[in-house]
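To keep things clear, I will list the structure first and then write my remarks on it.
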Amino acid sequence: MPTGLIPNHKQSIALFMERVYGIEDRDLFFNILEHAFLPDLRAATMLEKPEGGESEMGLALNRYIGNSILPALIKYNHFYADAENYNPLLEATLHTVYQLSKGKMLTNVQRQSVSDFLITLTREVAPVMLLKLLRRLTVDLAKLNEYSSVALKMLTLFYERCSKYYGSPMGQGAYGCATDEEKKLSMALFSSIFDSLSKMEYDADLFGKALPCLTAIGSALPPDYAMLDQGEDDMFAKPTVENDIGPYTPMPIDTGNVVLTNELNTLIQKFSEQFHDSWAQKRMDSGWTYGNSKSVEEKTHNRLKPYSMLSELEKETYREPIRDAVKAMLALDWHIEYSEGGGQTTAPASHDNNPNNYRPQPADMTNLTLSREMMNLSERLSEDGHDIQALREKIELNRRNGGPINLILVPFDLMTETEKKKNRERCQELLKYIQFTGYNLYKAKQTEGDSSADTKNPENRFAYRLLEKLISYLDTAASSMKILKPSANFTRRNSFSRPNKNVKFFVRVVLPLIEKYFGHTRNYFTAVATAASTAGASTIKEKEYVASLFCKLANLLRQKKSAFGADAPQAVKCLQILIKAVDARSLAKSRPDFVRTSMLTFFNNGASDLEKTIANLRQGKYPLLRGTHIKTCTSLKYIFDVLGPVFISTFDHLCALEYGQDLLVDEIQVACWRICESFFILGTDLQLTKAKKFIRTDISTYRSSIGTILSALASTFPVAFLEPSLSKFNPHSVLGSGFSDRSLEAQEVTARFNSNVP
């Protein structure tokens, strides 16, 4: 657009162009984006103030962006697909609009437009384009606030769309598979959001947006992905500023303690000549010639002459950025050492002082290619070169007490490919020249341990770390939950009944996450690793953690059901999902002590609660049965709403995977005899109601559930015949295995069962 227009004028021009002429050509659309829309988006990010102030120009620019630019970018979203040639431009736009989303001058409507565009763009582009943005998000979302909602919504839809890209070994169509760095950043992003939620007060809107994001990331990542604490990509990572709203603050690499040797100064001088000759060669190939001044129309340039004829100031313009790049490499702990006989000779410089006879002969490095590691290093050096230049510009602006907006004073990620080209090409040519002339460029890696061994360490797996967090948060919530007396529920002082943030986080985030995550990955936890491969199967420690999480949650719900309040059904659903991820056979074989403690406690508690409930029915203890007493584990509501559904899921799971003969033996089988007897009495003994209508109504309502529980138990119970005389030869029965001979309880329970159940 023409210069000098205010945002209101630009808005009119943009609307007229779109509605009258339209944009039918892809190249035209991206040309407008690069030269008209992107500069204004960038300017809007620069006008933001960290302290939250406003400016007339900033507000006007935001109105123009929200009313014209973003709707147009959303309308022509079909240009984004299969636009590989414009991916750098789209990436710069993505970073710029995300930076704008953190601004405090946006209205709610404008912020929604920003969110809609980010969602539209991430839906069309390849997942790899979000790599750099994920690096920023791991820092930005470590402290969630009201301005994080846009990023959370964008990430939710992105990971839902690209779940196979991250989780499937076959990848996702043309996108392929995610790299290790992408998975590592996703895992770090999950931890950042999860930990941030655990530390903040409950906010219904923010928690409601963060939970789907956590679920999408957790479901996309492979459970057996092992993240290393340090990787090769960490050496190129630039420290990220937590509060980067407003004008950009350049942070070049600190090279104050770096001293260059004479050998490196000579290398810098030689590459300066090489870079000048290479530049001159490209100019001459394009038809440029020497002239007393630079003229684009006549294609003449005053520097198209031998390097020796350049002025000292012109030579320094070559040497200075090269010197900064070499110092930055040394500051990043890279080493440049000469290897005898490893280099190639370069053509001697021309000594003809006539510029018209200048024929540059740069070293031919077209056959040299940079490795992925070298390309990452060149990108880091390019970014540092931009930071050095931006810092000088900013110092000059401060010296002049301000000036017009300089659109170069933005983070490197917000720049277009054309703006990055100069620094990037210089750094890539420098790295090639260092290797071409026989120098070894390497970085001494800090090998604290074997990386291959770290990847095989189960403690580095995503599922393992998540289970540790879930158990930790459950323990914290359990200690914070308070059981209120009946009178406290009706007091005017509501502060007594308000749960703290740990409990809110547990019931609003942890429980729904457990339900979604384990519902998606339960096959991973029940799969058994083979001797040839452990991929796709959980370790025995992870299996134990899942069972432990189930037992802890069941015990917490039993002891403090009243503290859950309206969230008790959510906890029951979690128990029903968790039990289906328990590998009872592996635990019985490898962790018999755990089975005899935690799993046995779960079954014994259920049997005891049922027996106490029947005793209360016979004794007429109606406050206990109604649940108005402080202990709720013997109330009919607890039995039918909590214990019944969990038992149905448990026995169905054991039946489906044929775990009955592995788990339901010895002490646990005795508990199952008690459970079976209690439910049978509860469903058939009509004298238990004692003519109380509410009790008779409850039992009648849930009688079909009692039948379902008994049938589920019978389907997995390893004892086919309930008569003791017919089970004495069954090795899976307490009567046939000889366990009843060692247990008086087993003898008593089986005898009582034989008399109470016909």
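Since the model is a prediction, treat every value here as computed from it, not as a measurement.
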- Message: Parallel, tilted or perpendicular, judged at 30° and 60°: which one describes the rings of Phe117 and Tyr80?
- Response: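 Answer is perpendicular, since the angle exceeds 60°.
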- May I ask you to decide if the ring planes of Phe30 and Phe79 are parallel, tilted or perpendicular, using 30° and 60° as cut-offs?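 Phe30 and Phe79: tilted rings.
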- Message: One pair to check against side chain to side chain donor-acceptor pair (under 3.5 Å): Tyr248 and Asp387. What are the steps and the verdict?
- Response: CA-CA 10 Å; Tyr248 176 54; Asp387 283 350; 2.6 Å; yes
Under 3.5 Å, side chain of [X] to main-chain N/O of [Y], donor-acceptor pair present?
X: His276; Y: Ser272; answer: no
X: His95; Y: Leu90; answer: no
X: Gln428; Y: Glu425; answer: no
X: Glu91; Y: Glu417; answer: no
X: Ser293; Y: His301; answer: no
X: Ser68; Y: Ile65; answer: no
X: Asn398; Y: Arg400; answer: no
X: Ser115; Y: Arg111; answer: no
X: Lys102; Y: Thr45; answer: no
X: Asp384; Y: Arg380; answer: no

Within the 4.5 Å heavy-atom criterion, are [X] and [Y] side-chain neighbours or not?
X: Phe37; Y: Phe29; value: no
X: Thr138; Y: Leu134; value: no
X: Leu121; Y: Asn77; value: no
X: Glu393; Y: Ile408; value: no
X: Lys10; Y: Ile69; value: no
X: Glu48; Y: Gln99; value: no
X: Cys177; Y: Tyr165; value: no
X: Leu47; Y: Leu61; value: yes

Around atom [atom1] of [X], are there more than 12 heavy atoms of other residues, nucleotides or ligands at under 6.0 Å?
X: Asp27; atom1: CG; value: yes
X: Glu298; atom1: CD; value: no
X: Asn262; atom1: CG; value: no

Working to the nearest 0.5 Å, report the span between [atom1] of [X] and [atom2] of [Y].
X: Leu118; Y: Leu100; atom1: CG; atom2: CG; answer: 9.0 Å
X: Met415; Y: Leu38; atom1: CE; atom2: CG; answer: 11.0 Å
X: Leu330; Y: Thr255; atom1: CG; atom2: OG1; answer: 9.5 Å
X: Leu94; Y: Asp413; atom1: CG; atom2: CG; answer: 10.0 Å
X: Lys282; Y: Ser286; atom1: NZ; atom2: OG; answer: 10.0 Å
X: Arg426; Y: Lys421; atom1: CZ; atom2: NZ; answer: 13.5 Å

Restricting to non-hydrogen atoms, name the atom on [X] and the atom on [Y] that form the minimum distance, rounded to 0.1 Å.
X: Met329; Y: Ile434; result: CE-CD1, 3.9 Å
X: Val258; Y: Lys327; result: CG2-O, 3.9 Å
X: Val125; Y: Tyr175; result: O-OH, 3.8 Å
X: Met374; Y: Leu370; result: CB-CB, 3.8 Å
X: Ala81; Y: Glu124; result: CB-OE1, 3.7 Å
X: Trp288; Y: Thr300; result: CZ3-O, 3.3 Å

- Query: Is the NZ or CZ atom of Lys270 positioned over Tyr433's six-membered ring, under 6.0 angstrom from the centre and within 45° of the axis?
  - Reply: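 Judged by the rule (NZ or CZ under 6.0 Å from the ring centre, within 45° of its axis), Lys270 is not positioned above Tyr433.
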- Query: Does the ring of Trp279 carry Arg303 above it, NZ/CZ under 6.0 angstrom from centre and within 45° of its axis?
  - Reply: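 Geometry flag: set, cation within 6.0 Å and 45°.
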Does either side chain, that of [X] or that of [Y], offer a donor lying less than 3.5 Å from an acceptor on the other one?
X: Asp285; Y: Gln281; value: yes
X: Glu263; Y: Thr266; value: no
X: Tyr225; Y: Asp180; value: yes
X: Asp277; Y: Tyr358; value: yes
X: Asp140; Y: Tyr147; value: no

- Message: I need the single residue from Tyr338, Phe271, Trp334 that forms a ring pair (Phe, Tyr, Trp, His ring centres under 6.0 Å) with Tyr439. Which is it?
- Response: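 Passing option: Tyr338.
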Cationic N near anionic O, under 4.0 Å, [X] to [Y]:
X: Glu181; Y: Lys184; answer: no
X: Arg319; Y: Glu273; answer: no
X: Glu316; Y: Arg323; answer: yes

- Query: Step by step, would you call Arg42 with Glu419 a salt bridge (Lys or Arg N to Asp or Glu O under 4.0 Å)?
  - Reply: CA-CA 13 Å; Arg42 190 182 295 178; Glu419 295 166 333; 3.0 Å; yes
- Assess whether side chain to side chain contact (heavy atoms under 4.5 Å, CB included) is satisfied between Leu155 and Thr122, documenting all intermediate values. CA-CA 9 Å; Leu155 288 173; Thr122 53; over 6 Å; no
- Item | Proximity of Phe462 and Phe190 rings by center, below 6.0 Å |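 Ring centres of Phe190 and Phe462 closer than 6.0 Å.
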- Would you please indicate if the ring centroids of Tyr166 and Tyr159 are separated by under 6.0 Å?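 Yes; Tyr159 has its ring centre under 6.0 Å from that of Tyr166.
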- Message: Using the side-chain hydrogen bond (donor to acceptor under 3.5 Å, both in side chains) definition, which of the options Glu337, His335, Glu373 pairs with Tyr442?
- Response: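 Exactly one pass, corresponding to Glu337.
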- Message: Is there a side chain to side chain contact (heavy atoms under 4.5 Å, CB included) between Leu391 and Met251? Walk through the geometry before answering.
- Response: CA-CA 8 Å; Leu391 184 61; Met251 294 177 59; over 6 Å; no
- Verify side chain to side chain contact (heavy atoms under 4.5 Å, CB included) between Leu430 and Val326, making sure each step is shown before the conclusion. CA-CA 9 Å; Leu430 173 61; Val326 173; 4.3 Å; yes
- Of Glu379, Glu429, Met375, the residue whose pairing with Arg424 passes side chain to side chain contact (heavy atoms under 4.5 Å, CB included):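 By the side chain to side chain contact (heavy atoms under 4.5 Å, CB included) criterion, Arg424 pairs with just one of Glu379, Glu429, Met375: Glu379.
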